[in-house]
2 protein chains.
Amino acid sequence: MAVDLHKAYIHTALKFCFGPDVLSNLELRSLLQLLAEHAEEIAAEAGDYVMQEGIDAEYLFIPTSGVMLIERASSSNFRHVYAFVFPGNLFGISSESRYPYSVKALAPVSLLRIKRTHLDQLMRTDPAVARLFYEIATRIISFLISNLYMLGQKTAVQRVCYFLLDFQRMGNFGNELFVPMTRKDIACYLGISEETVSRAFTRLKQLQLIDVKSQYFIELLDVSRLEQCCQERDIPVSN
Amino acid sequence: MAVDLHKAYIHTALKFCFGPDVLSNLELRSLLQLLAEHAEEIAAEAGDYVMQEGIDAEYLFIPTSGVMLIERASSSNFRHVYAFVFPGNLFGISSESRYPYSVKALAPVSLLRIKRTHLDQLMRTDPAVARLFYEIATRIISFLISNLYMLGQKTAVQRVCYFLLDFQRMGNFGNELFVPMTRKDIACYLGISEETVSRAFTRLKQLQLIDVKSQYFIELLDVSRLEQCCQERDIPVSN
DNA sequence: CGAGCTGTTGAATGCGCTCAAAGCCCGTGG
DNA sequence: CCACGGGCTTTGAGCGCATTCAACAGCTCG
């Protein structure tokens with residue numbers, strides 16, 4: 001049950017999640033100790049569910065490698081993708097006693113998980129830890145707000161640009177993106193249909209903003225024009 | 001500068017914000033003391049800005065009466081409304097050093113404001129307070145997630161239903177809603193045009209789900225069918 | 001009473017959706 | 001090794017919802 005927090009990929013994820021000086025920050029030593037002693041390392045294959053909506057929210061998760069997606073199946077037979085998850089994007093935060101969403105691995109992934117009861121207890125006694133989780137929640141709020149704006153105000157092509165740029169930033173790739181999710185996943189995330197996603201990719205390819213190397217590999221050819229495309233009210237090139 | 005937290009409308013707002021037993025909860029006495037000693041009561045008229053995006057994020061706000069809206073003007077000449085704010089809906093949480101949005105009063109409002117530096121300091125020493133704010137942030141996350149779903153997956157009429165029902169819940173009215181914002185505000189919130197909002201109201205009126213008494217008064221005639229309308233993939237009545 | 005703003009309604013356009021077919025990739029089995 | 005099949009993606013055609021543009025109604029205020 002002991003986890004070596006100094007392993008490179010775990011350390012990287014922790015830095016992203018808790019701040020760059022996480023391992024040397026004395027204020028957080030109790031948190032690190034808790035993680036080292038009580039966190040578990042788990043792994044999942046592409047397609048596996050790391051957690052299922054409706055189940056008792058027992059754990060908090062910190063992804064350490066791979067990509068996942070957070071989805072919820074609404075009451076009827078429809079689903080919505082809330083976010084894609086990268087190493088360091090802590091999840092499992094919820095005011096409910098059950099998970100309000102599921103998390104699926106899109107590629108082989110590894111995660112740390114820690115019991116919420118342990119963490120709750122620590123938060124009760126250690127203000128630095130409680131404050132840290134407040135800050136993490138605040139970051140999540142910023143992320144959700146920018147997505148709200150995207151869903152409320154942007155066209156299909158703009159949403160796809162937004163997705164690509166966001167994916168690049170989060171994934172720490174260069175301009176060659178490995179995009180392990182299906183077009184349908186992207187569509188559910190962006191609030192458009194999968195055909196529209198496909199058409200948007202084709203359009204961006206025609207405009208030479210991207211190159212669709214294969215189903216799962218996309219190269220960004222002109223990041224600054226992609227950014228323009230995101231922000232402008234009108235799509236820069238109409239043909 | 002001393003605030004009487006026992007005043008009825010303040011007490012109500014605090015209960016909504018911090019939990020029903022806020023005034024008797026011993027864990028929160030330091031927070032209450034801080035509020036009583038260092039919070040300021042401020043007021044604003046309809047149309048006034050309570051805070052402006054881009055300004056130093058000096059305060060956290062707790063609305064105690066009235067209705068406000070949270071908006072952001074994007075880089076170009078467009079704006080987005082993130083939320084409507086009711087008594088008890090704390091705002092000003094942000095990881096940035098400047099406010100990332102503005103807050104406008106839609107009716108005469110009153111609020112408590114407290115310096116973030118004071119609160120930060122308290123969070124550093126009092127785990128119960130830090131944990132409380134973590135929980136508040138968590139609630140905000142739940143709210144934003146449900147809005148994401150709404151913007152991503154719902155039709156115009158469904159969004160308007162969602163808005164009305166949400167407004168009823170938050171505002172603590174009965175079925176007679178006082179809706180002090182313009183159609184344009186609602187439109188920016190729901191991610192649709194103002195004409196579409198107007199048409200949706202007309203449609204819901206024809207279906208006898210609501211009655212538009214006047215510009216600012218709407219009566220909900222059939223809450224359960226409104227809820228149906230929100231949830232179903234297809235709008236129940238097509239004509 | 002007119003000016004200005006907000007809201008409603010109508011007509012026409014268009015973006016994105018649905019339905020459908022064809023292409024592509026890849027694994028499976030003959 | 002190749003044929004087949006299934007899943008995913010792409011492309012096309014047609015439709016519909018929501019938008020845009022425009023006119024008009026209703027209200028407030030000077």
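Sequence lines set the chain letters: A, B, ... in the order given, protein chains first and strands last, and positions in each chain run from 1.
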For residues 191-222 of chain B, which residue pairs qualify under ring pair (Phe, Tyr, Trp, His ring centres under 6.0 Å), counting only residues two or more places apart or in two chains?
-> B/Phe178-B/Phe217

Could you run through nucleotides 3-13 of chain C and give me one letter per nucleotide, 5' to 3': B if any protein heavy atom sits under 4.0 Å from the base, S if only the sugar-phosphate is that close, - if neither?
-> ---SSBBBB--

Rounded distance (Å) that lies between atom P of D/dT9 and atom CZ of A/Phe217 | 15 Å

Rounded distance (Å) that lies between atom P of D/dT11 and atom CZ of A/Arg203 = 13 Å

Not counting sequence neighbours, which residues clear side chain to side chain contact (heavy atoms under 4.5 Å, CB included) with B/Thr138? List them please.
-> A/Ile93, A/Ser95, B/Tyr134

Between D/dC17 (P) and B/Gln158 (CD): distance, integer Å | 12 Å

Apply ring pair (Phe, Tyr, Trp, His ring centres under 6.0 Å) to B/Phe91 and list each qualifying residue two or more places apart in sequence or on a separate chain.
-> B/Phe61

Answer yes if the ring centres of A/Tyr149 and B/Tyr82 are under 6.0 angstrom apart, and no otherwise.
-> no

side-chain hydrogen bond (donor to acceptor under 3.5 Å, both in side chains) contacts touching residues 176-192 of chain A (sequence neighbours left out) | A/Arg79-A/Asp185, A/Asn147-A/Tyr189, A/Thr182-A/Asp185, A/Lys184-A/Glu194

Which residues pass the side chain to side chain contact (heavy atoms under 4.5 Å, CB included) test with A/Ser146, sequence neighbours left out?
-> A/Tyr162

Side chain to side chain donor-acceptor pair (under 3.5 Å) against B/Ser94, all qualifying residues, sequence neighbours excluded | none

Hunt down any stem DNA chain C takes part in, defined as 3 or more consecutive Watson-Crick or G-U pairs whose two distances are each under 3.5 Å.
-> C:1-30 with D:1-30

Tell me, please, which residues at least two apart from A/Leu151 pass side chain to side chain contact (heavy atoms under 4.5 Å, CB included).
-> A/Arg159, B/Leu148, B/Leu151

